[in-house]
Amino acid sequence: MSEVRVRFAPSPTGKLHIGGARTAIYNWAFARAMGGKFILRIEDTDPERSTQENIDLIIRAMRWLGLDWDEGPEIGGAYGPYLQTKRFDTYKVALEKMKENGSTYPCFCTSEELAQRREAVQKGADPEPDPCRCLAHDEAQARIDAGESHVWRLKVPQDRGIITVHDAIHGDSEFDAALQDDMVLVRSDGSPTYNFAVVCDDVNMKMTHIIRGDDHLSNTPRQVLVYEALGYPTPVFAHLPMICGPDGKKLSKRHGAASVEEYRDMGYLSDALFNYLALLGWAPDGETTIFSRDEMASKFTLERVSKNPSALDYDKLEWLNNQYVQSMGAVAFVDAIKGDLIDAGYCADDADVEAKRDLLEAAYPLVCERVKLMVDAVPMIAYLLADEVELDEKSVQKVLQKEGKGAKTAILEAAAALENCEWKVETIEAALRGLLEKLDAKPRLVFQPIRVAVCGNMVSPPLFESIELLDRSVVLKRLAKAAEVALD
RNA sequence: GUCCCCAUCGUCUAGCGGUUAGGACGUCGGCCCUUCAAGCCGAAGAUCGCGGGUUCGAAUCCCGCUGGGGGCGCCA
């Protein structure tokens, strides 16, 4: 078998959608697993909605996801160009071929006439063949020469019978050719329609497999007809099930985030989003849930792709994201929050981040298992970055100002204990634990007030480690300040 | 309306004629414990959408039904 060639063909009418991203991932994984080529092609035949900006955004989002391709608009390749608007001459050649073999005909119907006919059919009338289909060749040519507006339609062969679509995921699906309408191939302005352009491109770019969304399955028989009219063998199709919102309904704005970059901005890691999307409709086996791009690339097969649509589960995505946060390591962690650090004003610039690198990396083990989304990280370690810490209102009330709990004494004693002790976790912990006996108090009555004083909140990363990361003077200052508002 | 696709715990899934129907997220309980997490242990949760077949035996094969989804544009 010749080399596998697959493509991801987004239309740049918006950002990279989460469903599109998964389609891209599966195409990529299949190409890599088969030792084939993965091609990026931009379907920008709709001039109204396609923009260069969207093309750039899509490419950036794909790169962020960790995908790479062998041919594409920005890197070229042997079968370019990879923008449909730059391939109009190839569609003309294809149309000429179809004119010659009689598989297309000009249609002069106005959109009003078409709308009327559609309406009649909707109301139950039997669909009638397009009247232009039977126009004598000479008459049609005369009207074209007269400059009459027309489109070119596919002439579905009357005796074609059953069209079988071979699909690697669904198996064979059969469609009655007699039920396929004569779709428009070329618009009155000379531009190709989607269904025509895709086939021309897929043929010319030597695609062996077409992996795309389920929503295209019903369009496939008509595309098969175009392959046949052009005299080319059909590729293997693979239609992926749709992705739905958490409620099981088709994904829409109602569900919030829909684009890859929105997920990135929400704080999801590229590795996690990739892993999650890969898992939506494909599983390497019954056990494995966490795997890398390379693992997927070595194990992916179309046969194992699920046939049912899948609903997004944000809980699982978050869990997966945290798994990756826990395993990313301190260096990557600091790199990942660099921007947030600067935006929040904790660091002046990149150089400043590097200057504080030791502290930031030391903070990683304290927070990694509780950072679900990356955007949570900076607020979570803020108390380590500034001299002052703002005391959380609720924590003050519940911990510092609950009468009869000895919060003030605990804080004062803590300050005394930390005054001269060696500044290491072990000694800090020993010093503070010593208070338990001295005050004869339960751990939470001693440690919680100290936590609020030092970390600003009754919920925080580990206390002793946090203290160690702060300067003694800062800790003592915070304790003194908290003691002012604390009650016994 | 019509054509096509789909159907296993709440969710993502494993299963491809014989399993106590397995795993993951979530949920609940426990352990750990100075908080929140994380981690570990355990539990509940699926009459495999329904009804017929085929078979000694069906979640797995066949047919029908129901439910859901998608296509039917000079959108992609």
Side-chain angles (χ1 to χ4, degrees), chain A residues 9-13 43-46 48-50 84 107 109-111 114-115 118 121-125 127 149-153 165 167 169-170 173-176 179-181 183-189 191-195 197-198 213-222 239 241-242 244 246 248-250 276 279-290 303-304 306-320 322-323 326 367-372 380 395 399 429 432-433 436 442-452 455 457-464:
Chain A
S11 57
T13 55
E43 314 225 312
D44 56 348
T45 52
D46 181 359
E48 300 288 305
R49 300 193 294 153
S50 301
Q84 286 191 322
C107 170
C109 297
T110 62
S111 41
L114 294 172
R118 244 198 312 275
V121 172
Q122 290 279 332
K123 282 181 178 159
S149 175
H150 62 286
V151 300
W152 287 89
R153 288 184 180 276
V165 173
D167 189 294
I169 295 169
H170 295 275
S173 297
E174 297 189 332
F175 298 83
D176 187 348
L179 265 22
Q180 305 298 320
D181 55 352
M183 67 169 174
V184 173
L185 266 16
V186 174
R187 302 184 186 106
S188 48
D189 67 358
S191 67
T193 59
Y194 165 78
N195 278 302
V198 199
D214 237 350
D215 48 343
H216 291 288
L217 185 54
S218 295
N219 280 327
T220 308
R222 298 190 303 186
H239 289 95
M242 300 278 90
C244 306
K249 297 261 161 59
K250 189 185 175 186
Y276 181 74
L279 222 36
L280 228 46
W282 179 79
D285 53 59
E287 309 292 306
T288 315
T289 48
I290 298 180
E303 290 66 35
R304 286 194 69 83
S306 164
K307 286 189 266 210
N308 4 342
S310 37
L312 288 172
D313 179 356
Y314 293 114
D315 285 330
K316 189 161 184 173
L317 211 206
E318 274 198 2
W319 170 81
L320 202 48
N322 175 254
Q323 293 296 305
Q326 288 194 55
V367 298
C368 71
E369 72 257 14
R370 65 200 79 205
V371 170
K372 293 218 163 187
M380 203 176 282
S395 301
V399 178
E429 176 165 359
L432 295 180
R433 277 198 190 284
L436 298 180
K442 285 201 162 31
R444 64 180 304 137
L445 291 183
V446 175
F447 296 140
Q448 282 301 82
I450 301 174
R451 179 188 308 282
V452 174
C455 306
N457 200 298
M458 58 199 277
V459 175
S460 85
L463 181 58
F464 308 131

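Under 3.5 Å, the side chains of A:E369 and A:Q326 contain no donor-acceptor pair of N or O atoms. There is a side-chain donor-acceptor pair under 3.5 Å between A:S191 and A:D189. Between the side chains of A:N457 and A:S460, no donor N or O sits under 3.5 Å from an acceptor N or O. Side chains of A:N322 and A:E318: no donor on one and acceptor on the other come within 3.5 Å.
Looking at the side chain of A:R187, the nearest of the listed nucleotides B:G71, B:A14, B:C75 is B:C75. For A:D313, the side-chain atoms get nearest to B:U11 when compared with the rest of B:G70, B:G26, B:U11. Taking only side-chain atoms of A:D181, from C-beta outward, the nucleotide of B:C72, B:C74, B:U13 with the closest atom is B:C72. Nearest nucleotide to the side chain of A:N219, out of B:C74, B:G23, B:C72: B:C72. You'll find that the side chain of A:S310 is closest to B:C12, out of B:C4, B:A76, B:C12.
Nucleotide B:G15 holds its C1' atom 12 Å from the CG atom of A:D285, rounded to whole Å. We find that NZ of A:K307 is positioned 16 Å from P of B:C4, with the value rounded to whole Å. Rounded to a whole Å, the CZ atom of A:R222 is 8 Å from the C1' atom of B:G71.
Remark: the A:S188 side chain and the B:C74 base include a donor-acceptor N/O pair separated by less than 3.5 Å.
Taking the six-membered ring for Trp and the full ring otherwise, A:F447 and A:F464 have centroids separated by under 6.0 Å.
Between A:T289 and A:R433, it is A:T289 whose nearest contact on RNA chain B lies nearer the 5' terminus. Nearest-nucleotide positions on RNA chain B place A:L280 closer to the 5' end than the other of A:K316 and A:L280.
The same atom, C1', is picked in B:U11 and in B:G45; the two are 12 Å apart, to the nearest Å. Atom name P, nucleotides B:G39 and B:G1: the rounded distance is 50 Å, in whole Å. Taking atom P on both nucleotides, B:A58 is separated from B:U20 by 15 Å, rounded to a whole Å. To the nearest whole angstrom, the two P atoms, one in B:G64 and one in B:G18, are 25 Å apart.
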Task: B/S/- contact track for nucleotides 38-49 of chain B, protein heavy atom under 4.0 Å - done: SS----------
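Nucleotide B:G51 forms a pair with B:C63, judged by Watson-Crick or G-U wobble geometry with both contacts under 3.5 Å.
Residue-level contact check: A:P462 touches the bases, meaning some heavy atom is under 4.0 Å from a base atom. Note on A:H239: nothing from the nucleic acid sits closer than 4.0 angstrom, heavy atoms only. Nucleic acid contact class of A:E174 (heavy atoms, under 4.0 Å, all strands): sugar-phosphate only.
Residues A:H239 and A:D167 share a closest heavy-atom pair of ND1-OD2, 2.7 Å.
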